[in-house]
Enquirer: 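Please find one structure pasted underneath; my questions will follow.
If you're wondering where the values come from, they're calculated on a predicted model, not measured in any experiment.
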Amino acid sequence: MQRDGGRPGLVGLVNLGNTCFMNSSLQCLMHSVPIMRVFLTGEYEGDINTVNPLGLKGQLAMALGNLMNSVWRVSKRAHASHIRLLYLA
């Protein structure tokens with residue numbers, strides 16, 4: 001992820017091999033105001049099902065929440081990793 005002048009939300013995710021479609025989808029999600037609001041306020045944490053044996057126990061939601069916080073809250077950070085999402089997808 002590369003930040004433009006330290007302004008929150010203005011970042012580009014680095015492509016790791018064949019991840020350009022995932023990166024463009026993540027950019028859309030991270031700039032959708034309702035989704036952004038849920039993840040930045042932490043509202044989603046109460047909805048995570050950690051006991052479903054067929055699910056990921058909230059790991060995907062937590063990884064997206066961490067990425068959202070990196071994009072919108074960390075100032076002047078040159079890069080952050082979205083690799084965790086690759087392993088969960």
Side-chain angles (χ1 to χ4, degrees):
M1 179 167 53
Q2 297 184 356
R3 189 172 300 283
D4 176 18
R7 293 172 54 192
L10 295 178
V11 297
L13 299 173
V14 177
N15 287 327
L16 302 172
N18 197 14
T19 62
C20 57
F21 291 105
M22 183 183 76
N23 289 347
S24 61
S25 298
L26 287 171
Q27 287 286 1
C28 290
L29 287 173
M30 289 187 295
H31 288 83
S32 170
V33 174
I35 294 172
M36 182 175 66
R37 187 176 301 123
V38 168
F39 278 93
L40 292 180
T41 61
E43 289 177 42
Y44 73 99
E45 292 175 359
D47 294 324
I48 293 176
N49 183 349
T50 59
V51 296
N52 182 352
L54 301 176
L56 293 173
K57 311 222 182 305
Q59 294 178 57
L60 186 59
M62 295 300 286
L64 181 58
N66 289 338
L67 181 61
M68 291 278 270
N69 277 301
S70 293
V71 167
W72 288 103
R73 296 192 190 269
V74 180
S75 62
K76 296 189 180 183
R77 186 171 178 173
H79 67 281
S81 177
H82 64 290
I83 295 174
R84 181 82 177 130
L85 289 170
L86 289 173
Y87 292 112
L88 295 172

Enquirer: Please name all residues satisfying side chain to side chain donor-acceptor pair (under 3.5 Å) with Thr50, sequence neighbours left out, ordered by chain then number.
Expert: none

Enquirer: Apply side chain to side chain contact (heavy atoms under 4.5 Å, CB included) to Gln27 and list each qualifying residue two or more places apart in sequence or on a separate chain.
Expert: Val11, Leu13, Met30, His31

Enquirer: Shortest non-hydrogen contact from Glu43 to Arg37?
Expert: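 Where Glu43 meets Arg37 most closely, the heavy atoms are OE2-O, 4.4 Å.
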
Enquirer: What heavy-atom pair brings Phe39 and Leu64 nearest, and what distance separates the two atoms?
Expert: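 Nearest pair, atom of Phe39 first, then Leu64: CZ-CD2, 3.7 Å.
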
Enquirer: Roughly how far, to the nearest 0.5 Å, is OG1 of Thr41 from CE of Met36?
Expert: 10.5 Å

Enquirer: If we only count heavy atoms from C-beta on, is the Val51 to Asn49 side-chain gap below 4.5 Å?
Expert: yes

Enquirer: Give a yes or no on whether Leu29 and Phe21 share a hydrophobic cluster (residues Ile, Leu, Val, Met, Phe, Trp, Tyr; joining criterion: side-chain heavy atoms under 4.5 Å apart).
Expert: no

Enquirer: Taking side chain to side chain contact (heavy atoms under 4.5 Å, CB included) as the definition, give me every residue that meets it alongside Ser32, ordered by chain and number, with sequence neighbours left out.
Expert: Pro34, Ile35

